[in-house]
Amino acid sequence: MARAEGLFGHAVDRIGGEPISSRMARRAPIRHLDPSLLLITLMLTVFGAVMIFSATASKQEEAGLDPATFLKRQVAAAIVGVVVLLVFSTFDYRHLRAFSPVIYGVTVIALLLVLTPAGELVNDTRSWFRFGAFQVQPGEFAKLAAILTAGAYIAERKGEMSSIDVLAVLGIIGIPMLLIFVQPDFGTMLVFVILAAALLLVGGARVRHLMVLTFVGFVAVVIALQSNVLKPYQIDRLTAFMDPNPDVQSEGYNLTQSKIAIASGGLRGQGLRAENTQTALDFVPEQHTDFIFTAVGEQLGFIGSAALLVMLAFLMWRAVRIAAMSRDLFGTLIAAGIAAMWAFQIFQNIGMTMGIMPITGIPLPFISYGGSSTITNFMAVGLLLNIHMRRFI
Amino acid sequence: MGPKDIVAASRADAPGIDRTLLRLAVLGLVFVALFTALFSRLWYLQVLATEEFQTLAKENRVRRIESEPERGRILDRNGVPLVDNRYSLSLTLDRSVLEQPILKRAVLRRVSKLLDVRVKELQAQLDDSTVSPYKPIAIASDVPHRIAQVINENPEDFTGIEYRRLPVRVYPQGNLAAQILGYVGEISEEELVADYFRKARPRYQAGDIVGKGGLERSYDTLIRGDPLMERIVVDSSSKVVSQDTIQEAEPGKDLITTLDLEIQRMSEKALAAAIKANRAAGYRATDAAVVVMDPNDGGIIAMANYPTYDPAIASDGFSTKEYASLGQKTPDDNTDDKVLNRAIQISYSPGSTFKIATAGAALALGVIEYNDLLPCPTQIPFGEGTGQVTFENWSSVDYGQIGLAESLEISCNTFYYQLGWEMESRFGIGLESGDETEKFQDYLHRAGFGEPTGIDLPFEGDGLVPDEKWLDAYCEAVPSPECEIGWLPGYTVNMSIGQGSLEATPLQMANAYASIINGGNVMVPHIGAALGEPAVDPAEADLGDEPSPTVSEPDGAAPSDSPSSRPSPSPSGETATPSPTGSATPTETPAVATPERYIRRFKTKVANRLPLDDRELAVLRAGLEDVVSGDSGTAVGAFSGFPLDRYRIAGKTGTAQVGPTDFNRAWFVGYAPAGDPQYVISVYMNYAGHGGESAAPVAREIFEGIFNIDDDTSDVQVTAGDASG
């Protein structure tokens, strides 16, 4: 660095013995990138792509189709995801505080539209928009919209939340949640419940409020199971994991096959694309999406599955660390919300395949096949990087 | 300044760093707990419980498929099928459906509509106790292809329903020889551990179809065939992903028998007609049996039973209802049992037909010489003082001194009492003469009594030759005052005329006569002659071209003749008589012989030789001829009008009273042509008249059929008989 000339030159361009330019450069966002978060994101994405290929290739080949179809689509989504990640880490996330009402409005409109015939009816569920070859699931993006909007609202309160504020946050998260519930997409709806809880906890809601909400939530669950708010098949799916001897053709069948797949992987696994496995013989349903962990478990065994869990745990650690290091409460809330979203999805999804959680359709972050969820997750990583990079300015 | 200070300093809007960090820490702890749960569960599933689940995974995908093997056919001596196979398209219901009541009801309702059968009937089939617990339950057989097509097109409506092409036994000759052919069914648990099946290789397994009776059982290991065994891997929709063959299918070999379809048919007809005639004459005539045997090689030419059944009802397994129709309605009375092969399974006192055995024993033991004479008084006392017992002849005429031949002709009881008494006196049980005791019994065993003949049919009866051992066992079971005394000479005396506790099966009687006829060889009777397979090229066929079942006897006797080259059974051989197999009765079913290639011929076996020389045997045969054609023979009436000048018949009648009733067990054992015997016929009828009256006419009818004799009185009649036994 060139030294300033003159009498005061020395004093002006230095603060505390350090040149200002140097100090400025030290605070530049790019210098505070979290490369390990980027790396783990890419590792998980590659891991997921491999698993998607190995879970779908046999069936595709058998049908005389390109075995790499699902892989190619997932890679395409990941490429879009990388672009989105770059975009979402470039601008200062704090601008989102101002924009959050707009984002929220657009999201709610999209969730309303998807319920109309504009949305595509798949398996009696209206969760998708179709644009030619592409499908978009607004519910996925709505999770981030809810985090941003609720986070912005709570950050305004500066950590002091009255009862009204708590209700307002519940309202902000509740509206998209209800719209998703009527699609119906029970699993995604549950993510919103978790988001509300996490944001209220980290955002500073009083312990009293949290306890009341916990109690209300408990009562709501009991009522939901007792009344006919949920359809019988939904209740069946939710309670099947508690049935030790499931019927062959009921929901418990999927669970049994899923457990068999994971457990028969043993310590070392049967190997990728091994023949005569639960995976190859298509005994596990939805194996490239909701039940992808069964493919991991059977083919890679405990070693591979544990490695995946370690990678996911590392991802979680980085997210929580960013929440703790954020310069402002808004950043903390976004990071904590994203962490809670992932944590719940990971636990619910993997727990479901191993029979310790009810069966609900939630993708495993970065591993399950699906464009909307992949792009949403890359967007979330972008936001985390954004918060991390800008923790000094 | 460390980074943490910078963070703290920059939190202008934070309510307090510590509070937010604390709350984040709570969230982090929850995350740690969740990941811990996932790790633990993963460890349990993949490390601790992996073996159990790997087994489940295997059960999921690997199935062993075993097709029903095709059993060999059973053919008569000319290659005409007696038991054949056909394929039936059957519907089966998987057992797993039974445990899902709603699904079961829905599926049954659809099947009922499709087959036009009431749900109740289908349900009854599922509930039947005879249904196999190892296989899918058959709910319909002989289903049209159209219905299979419907099921194939709508698999979701017919969960658990499958259609399979199963080989089914068919009986082209109807219920002909039903008890001899036997029937097939699924192997029972008792059979699985029974020696007969347990020792066979390859092993029998639960669910296997096996012969349950008759030839189907005794030749099961040879004709059952090997099933196609495959190991298949299926995917979740039960689609076969891969399969490898563990064992290739091999159809069972055909069993070629010594049975002659036409003679079998004539025998059954004659028997049924005789039952009818006897009933018309006032007898109960509950049951009867006939054995037609080749005396030279022991081959069974026909074996008929009354009552009989249609084996076709067993072709898809007996239902409980079908089983009940087979008789044995009262536990102690087997006279209505239709499955029983009375010719080998039932033994009764043979009456006077047994006299040749007594005569043979007396000759062999030197009690009488072939040309000796003995008196034939109306009665004869044995013993002394208070122990004296008087035995009476059936006739009130004293015949004076007679020889062995005449004793047979007139069936003189007192003649044989003397032989019995003499044998008892010299070799009796009460004597202290060591090895010399029970020589009469020893001879009888040697002649084939008191033990199975060894015929290739299951469940053969022993008959009974009373001896001391038997008496001890009997007295232990049923103690009576007489038991105190021990063996009485009267037992032997009664036995000598085929009465008392002595019992023989119709087959044992036929075999005993065969040995007298063939020069003293006690044969092991047999029905199986050879194993074969359908000839692909008819030129290779053995049947029709070559003498069929060649039998070589161990003692080097000449092979028996094939049916086609069997000499015309004319005593003088001067006239060309029609072929013996030429039918006297019109054929109901076209009997088509199929080209057959022989694989293996069974050898005939001689069990024993009678210790009698030719002169002794000749005397006995002369007596048997006189029974039919002598002046005072007991079967003369039964054969009156028979062209004995052309076809000399010999034989012996027998009569034994049925317990406390007025009915008799009627016997006749005869053979023809007397000069060169080709056929021994043994007839037995229960609850009938005398032997000459009820049994001999059956033999006559069969002989007439065999020799193609046009007879005005073609129907069996109950001939007014002698009072003789």
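Just so we're on the same page: letters track the sequence lines, and every chain starts at 1.
Contact of the A:L190 side chain with the A:I194 side chain is not registered, since no non-hydrogen atoms from C-beta on lie closer than 4.5 Å.
A pairwise comparison of heavy atoms in A:M341 and A:L195 identifies CB-CD2, 3.9 Å as the closest pair.
Looking at A:M354, the atoms closer than 4.5 Å to chain B (heavy atoms on both sides) sit in the backbone and in the side chain alike. Contacts between A:L200 and chain B at a heavy-atom distance below 4.5 Å involve the backbone alone (N, CA, C, O). With a threshold of 4.5 angstrom between heavy atoms, A:A319 does not approach chain B through any atom at all. Proximity to chain A (any heavy atom under 4.5 Å) is shown, for B:F39, by both the backbone and the side chain. For chain B, the nearby part of A:Q270 is the side chain; its heavy atoms alone come within less than 4.5 Å. Contact annotation for A:V284: neither backbone nor side-chain heavy atoms come within less than 4.5 Å of a heavy atom of chain B.
Residue A:I322 holds its CD1 atom at 11.0 Å from OG1 of A:T332, rounded to the nearest 0.5 Å.
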Side chain to side chain contact (heavy atoms under 4.5 Å, CB included) assessment of B:E230 paired with B:Q247:
CA-CA 7 Å; B:E230 289 173 306; B:Q247 179 188 288; over 6 Å; no
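Judged by distance alone, the side chains of A:S264 and A:Q278 never bring a donor and an acceptor atom under 3.5 Å apart. Between the side chains of A:S326 and A:D328, at least one donor N or O lies within less than 3.5 Å of an accepting N or O.
Of the residues considered (A:G269, A:A306, A:A280, A:A335), A:A306 shows the highest number of contacts with chain B, using heavy-atom pairs under 4.5 Å. Chosen from A:I346, A:V202, A:V320, A:L309, the residue pairing most often with chain B at heavy-atom distances under 4.5 Å is A:L309. No other option in A:A313, A:G301, A:P285, A:A263 has as many heavy-atom pairs under 4.5 Å with chain B as A:A263. No other option in A:A261, A:S305, A:G351, A:A336 has as many heavy-atom pairs under 4.5 Å with chain B as A:S305. Between chain B and the residues A:A343, A:A198, A:G266, the largest count of heavy-atom pairs under 4.5 Å involves A:G266.
A salt bridge links A:E61 with A:R273; the closest basic N to acidic carboxylate O contact falls under 4.0 Å.
Note: A:H32 and A:F392 have perpendicular aromatic rings, judged against thresholds of 30 and 60 degrees for the angle between ring planes.
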